Colleague: 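Quick one: structure below, then a few questions.
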Amino acid sequence: MTARLDTGSWLVTADRVLAGTGLQVLHHGAVHVADGVIRHIGREADLATLPHPATRLDLGDATLLPGLIDAHVHLGFDAGPDPVSVMRRQHDDEQLALMARNAASMLRAGVTTVRDLGARGDLDRVLADRIAAGMVPGPRLVTVTRPITTVRGHCWFMGGECANADAVAEAVRRHHDHGADLIKIMVTGGFMTNRTAPGAPQFTRAEVRTAVETAHGLGMRVAAHAHGTEGIAMAVEEGVDTLEHCTWVGRKGLEFAPHIADLMARRETYVCPTVNSNARNPAGRIDWRQRSRHLAAMRNAGVRLIGGTDAGIEHIAHHAYASGLEIMTDIGMTHQEVLAAATTHAATALGIADRTGNLAPGMAADLLGVAGNPLTDLPALHHPTFVMARGRLVHHGSVRHHTPPRTGTNREGALS
């Protein structure tokens, strides 16, 4: 059952609640939500009396956890065989409709926050504003508008071409003025843009430094697209906040640089490796056996990894986040680490840990319920039974729904 309801007062109960930044298991837990914000969290028995009436939603034998955060998507790509061509030929209204459909599909899958790392023009800001106003359903959007790239560089067709350092600085300031949440710079070429080389830097070191210094001076974070080892090193050394992909493409295959991984760990540079459902494909662009060893070495070095799928590129559906999260266990991550990478750690990396990413009083009511226990069974994430975004009830399946009584206390229903 799906619904789009106004925010209200809810008491959501479940056999397991993953609470706080450590995702600690709270057995027979309850989360009280009012006006879109978590007001109380604790054991169900301890919340037997609430100061205000609340409609109770009992998930039963389920786990309630923070809504997921996909830290790398492209809502304007259609996940078909040629997403670039589709984007380039669509009018703005067609692009917005596509982006809205993709956003809604992610929300239904339990993704309550999305970082869109490259849209055409300012369409991501338009959609973000519509979602925030309640005009259309969707997750919270963290936006970059047009990714900054070189002339005819990777993703030039999104409108962010820059010819020199002065143009880079001006683009950063313009993005800030247009409401972008952060800056993305295409430090290296990419696989989806003809005549660019994924392993080679596109910008000079001075240009990358200009982007970082200008953005940080405006209070904005910087995400760096970087496939090549040389570009990865440049981005880390110049102080970017997150690295996207980080595939270590060198002149002769993949060339992992342990000293750069150590620098990432020391500087607390987050890495979004964009592990998705295609990662294990033997016909894929990158040998997963080799790449998974590099990611394991990064994890062991203390590099902070966060979840993201690059959803929208060829054959990577927007609603399939759970498939990529499962594959992250290949590099030795525990189930709890994977869940943290898609919730608490992702929120910190994106600079939004003050409002989402964990279940605690004062946080936005971004909630996901799944049958079973993802701490022992990650595939449980494939089947959400309950989704709430900023206090709006999006999806509730096998849920016992009780309306509040006018007075008194009712363990089987709402509590007043």
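What you see is a predicted model; the values in this text were computed from it and never measured.
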Colleague: Roughly how far apart are Arg291 CZ and His294 NE2, rounded to 0.5 Å?
Modeller: 10.0 Å
Colleague: Which residues satisfy the side chain to side chain contact (heavy atoms under 4.5 Å, CB included) test with Pro83, sequence neighbours excluded?
Modeller: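 Residues passing side chain to side chain contact (heavy atoms under 4.5 Å, CB included) with Pro83: Phe77, Asp78, Met192, Glu314.
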Colleague: Can you run down the salt bridge (charged side-chain N to carboxylate O under 4.0 Å, His left out) pairs that involve residues 343-364, sequence neighbours left out, and say none if there aren't any?
Modeller: none
Colleague: Looking at residues at least two apart in the chain, or sitting in another chain, which of them share a salt bridge (charged side-chain N to carboxylate O under 4.0 Å, His left out) with Arg120?
Modeller: Asp92
Colleague: Can you pull out every side-chain hydrogen bond (donor to acceptor under 3.5 Å, both in side chains) where at least one residue sits in residues 210-224? Sequence neighbours excluded, please.
Modeller: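 The answer is His216-Asp241.
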Colleague: Taking side chain to side chain contact (heavy atoms under 4.5 Å, CB included) as the definition, give me every residue that meets it alongside Ala119, ordered by chain and number, with sequence neighbours left out.
Modeller: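 Partners of Ala119 by the side chain to side chain contact (heavy atoms under 4.5 Å, CB included) criterion, ordered by chain and then number, come out as Met99, Asp116, Asp124.
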Colleague: Just to verify, what does Asn276 make a side chain to side chain contact (heavy atoms under 4.5 Å, CB included) with, not counting sequence neighbours?
Modeller: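 Partners of Asn276 by the side chain to side chain contact (heavy atoms under 4.5 Å, CB included) criterion, ordered by chain and then number, come out as Asn278, Thr309, Asp310, Ile313, Ile316.
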Colleague: Scan for salt bridge (charged side-chain N to carboxylate O under 4.0 Å, His left out) pairs involving residues 130-145, sequence neighbours excluded, and state none if there are none.
Modeller: Arg140-Asp366
Colleague: Check side chain to side chain contact (heavy atoms under 4.5 Å, CB included) between Ala371 and all other residues, then give those that pass, not counting sequence neighbours.
Modeller: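 Scan of Ala371 (side chain to side chain contact (heavy atoms under 4.5 Å, CB included), adjacent residues dropped) gives Thr385.
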Colleague: For Asp70, enumerate each residue passing the salt bridge (charged side-chain N to carboxylate O under 4.0 Å, His left out) test, keeping only those at least two apart in sequence or located in another chain.
Modeller: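 Asp70 satisfies salt bridge (charged side-chain N to carboxylate O under 4.0 Å, His left out) with no residue once adjacent residues are dropped.
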Colleague: When you check the gap from the basic side-chain N to the acidic O, do Glu94 and Arg89 get nearer than 4.0 Å?
Modeller: no
Colleague: Among all residues two or more places apart in sequence or in another chain, which pass the salt bridge (charged side-chain N to carboxylate O under 4.0 Å, His left out) test with Asp262?
Modeller: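 Salt bridge (charged side-chain N to carboxylate O under 4.0 Å, His left out) list for Asp262, sorted by chain: empty.
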Colleague: I'd like a table of donor-acceptor pairs (distance under 3.5 Å, sequence neighbours excluded) in which one partner is a side-chain atom from residues 339-349, with atom names and distances.
Modeller:
| residue | atom | partner | partner atom | Å |
| --- | --- | --- | --- | --- |
| Thr343 | OG1 | Leu339 | O | 2.6 |
| Thr348 | OG1 | Thr344 | O | 3.2 |

Colleague: Salt-bridge test for Arg280 and Glu326: reply yes if a basic N is under 4.0 Å from a carboxylate O, no otherwise.
Modeller: no
Colleague: Is Glu161 paired with Arg146 through a side-chain N to carboxylate O contact shorter than 4.0 Å?
Modeller: no
Colleague: Applying salt bridge (charged side-chain N to carboxylate O under 4.0 Å, His left out), can you list everything that pairs with Asp129, at least two apart in sequence or on another chain?
Modeller: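 Listed in chain order: Arg125.
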